[in-house]
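For reference, positions follow the sequence shown, starting with 1.
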Amino acid sequence: MFNAYDLVKKELSELLKTICASAGAEHICVSVRGCEAASALPLSKGLCAEECKRAICSALSANAPGADMVERVTAQNGRLCFELTNGFYDAALCRINATPMPQLPQSFDSQVEYALCRMIMAARKPHSSCPLDDGVRRLVWRSFSIVSCADDPKRLHARLREVSAAALALGVGLSIRERDTLMRNSAAACAAVARLIAFGIENEGGIIYGDKMAGTFMLFADI
């Protein structure tokens, strides 16, 4: 399965070499609040974050490696924070959705499996670009973490719970018309999230969730 986090770390670490030749993927954090990725490299090297930001912005203007991935870079509390482009999300969704759907569970009676069912049903609509919606973007970004921790059952279990909760919360608080529009525009995103959740279930090693939902769903997926 495509690992979007690894790609982000690789591309952003190339950008960081604008300010520090020894920068590597280990200097990129993808588990931060308020942005997709951040780096504490200025703090660890005793550099001015604002000057580092200006240097990276100049590199972005010159189409340096990773430039097509970064929408905006800011300096916050000595760290560099990166917001990613629509193009990055669309490309990531295309790569994930080009992957065959992993084997589906036999029943859909836990929170994680119920979220998988919801994502598959939403994905039946025609696919389009990833919408400019914060909730959808956060869900997609969180779902990328499933691949990154596929070899760690405990972390994977926690990520599946987190992603499934976000999937079930998608559209909550909106009117019926607004929610229907959001879900219709999010078909490609939901298809990718479904594949990632199914991939996680297939790789988690049989951990029991213990949070049973009422009913079992008969599902025939072709997304």
Side-chain angles (χ1 to χ4, degrees), residues 1-9 12 25 28-39 79 81-84 88-89 92-93 95-97 99 101-105 107-123 130-174 179 182-183 185-214 217 219 221 223:
M1 182 66 74
F2 170 62
N3 192 323
Y5 280 2
D6 279 357
L7 177 63
V8 169
K9 289 179 178 181
L12 294 186
I28 301 294
C29 178
V30 292
S31 301
V32 291
R33 292 183 181 275
C35 64
E36 287 100 341
S39 176
R79 293 174 170 81
C81 299
F82 299 91
E83 296 179 19
L84 305 183
F88 161 75
Y89 277 98
L93 295 184
R95 290 190 64 172
I96 293 169
N97 287 332
T99 305
M101 173 67 79
Q103 183 176 352
L104 297 174
S107 64
F108 290 78
D109 51 15
S110 73
Q111 173 184 292
V112 174
E113 293 158 344
Y114 184 69
L116 170 59
C117 177
R118 187 184 185 212
M119 292 295 96
I120 289 176
M121 298 308 293
C130 188
L132 297 173
D133 178 86
D134 289 343
V136 175
R137 292 293 180 90
R138 284 194 298 270
L139 170 60
V140 171
W141 184 251
R142 287 175 181 173
S143 70
F144 292 156
S145 67
I146 292 172
V147 180
S148 295
C149 58
D151 295 330
D152 185 333
K154 289 185 178 180
R155 286 183 61 217
L156 178 58
H157 181 64
R159 291 295 180 273
L160 282 169
R161 292 293 295 266
E162 179 184 341
V163 171
S164 66
L168 294 174
L170 193 63
V172 170
L174 300 179
R179 185 169 61 251
L182 176 65
M183 300 307 290
N185 293 336
S186 303
C190 291
V193 173
R195 279 175 169 79
L196 292 169
I197 292 176
F199 172 82
I201 293 173
E202 191 176 57
N203 283 272
E204 70 168 339
I207 295 177
I208 303 300
Y209 288 99
D211 53 339
K212 298 298 182 181
M213 306 288 290
F217 297 84
L219 190 64
I223 60 170

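- Within the model, atoms CG of Leu84 and CG of Leu12 stand 6.5 Å from one another, a figure rounded to the nearest 0.5 Å.
- Here the closest heavy-atom approach between residue Leu139 and residue Ala166 is recorded as CD1-CB, 3.8 Å.
- Residues Val136 and Cys130 share a closest heavy-atom pair of CG1-SG, 4.1 Å.
- Using cut-offs of 30° and 60° on the angle between ring planes, the pair Trp141 and Tyr5 is tilted.
- With hydrogens and angles disregarded, no donor-acceptor distance shorter than 3.5 Å links the side chain of Arg159 to the backbone of Ser148.
- Under the 3.5 Å distance criterion, the side-chain polar atoms of Ser110 are matched with a main-chain donor or acceptor of Glu113.
- The shortest non-hydrogen separation linking Gln111 to Ala165 is NE2-N, 3.8 Å.
- Shown here for Val30 and Lys9, the closest heavy-atom pair between the two residues is CG2-CE, 4.0 Å.
- In terms of heavy-atom proximity, Ala189 sits nearest to Val140 at CB-CG2, 3.7 Å.
- The distance from atom CE of Met119 to atom OG of Ser186, rounded to the nearest 0.5 Å, is 8.5 Å.
- Residue Arg95 holds its CZ atom at 14.5 Å from CZ of Arg195, rounded to the nearest 0.5 Å.
- The number of heavy atoms from other shown groups lying within 6.0 Å of CZ (Arg137) is above 12.
- Separation of atoms OG (Ser164) and CZ (Arg118) is listed at 12.0 Å; rounding is to 0.5 Å.
- Between Asp133 and Leu182, some side-chain heavy-atom pair lies under the 4.5 Å cut-off.
- Taking 4.5 Å as the limit, every side-chain heavy atom of Val147 sits out of range of all side-chain heavy atoms of Phe2.
- Contact between Ile120 and Ala194 at its shortest, heavy atoms only, is CG1-CB, 3.8 Å.
- Going from atom CZ of Phe144 over to atom CD of Glu36 covers 9.5 Å, rounded to the nearest 0.5 Å.
- With rounding to the nearest 0.5 angstrom, the CD1 atom of Ile146 is 11.5 Å from the CG atom of Asn3.
- Remark: the backbone N or O of Pro102 is not paired with any side-chain donor or acceptor of Glu202 at under 3.5 angstrom.
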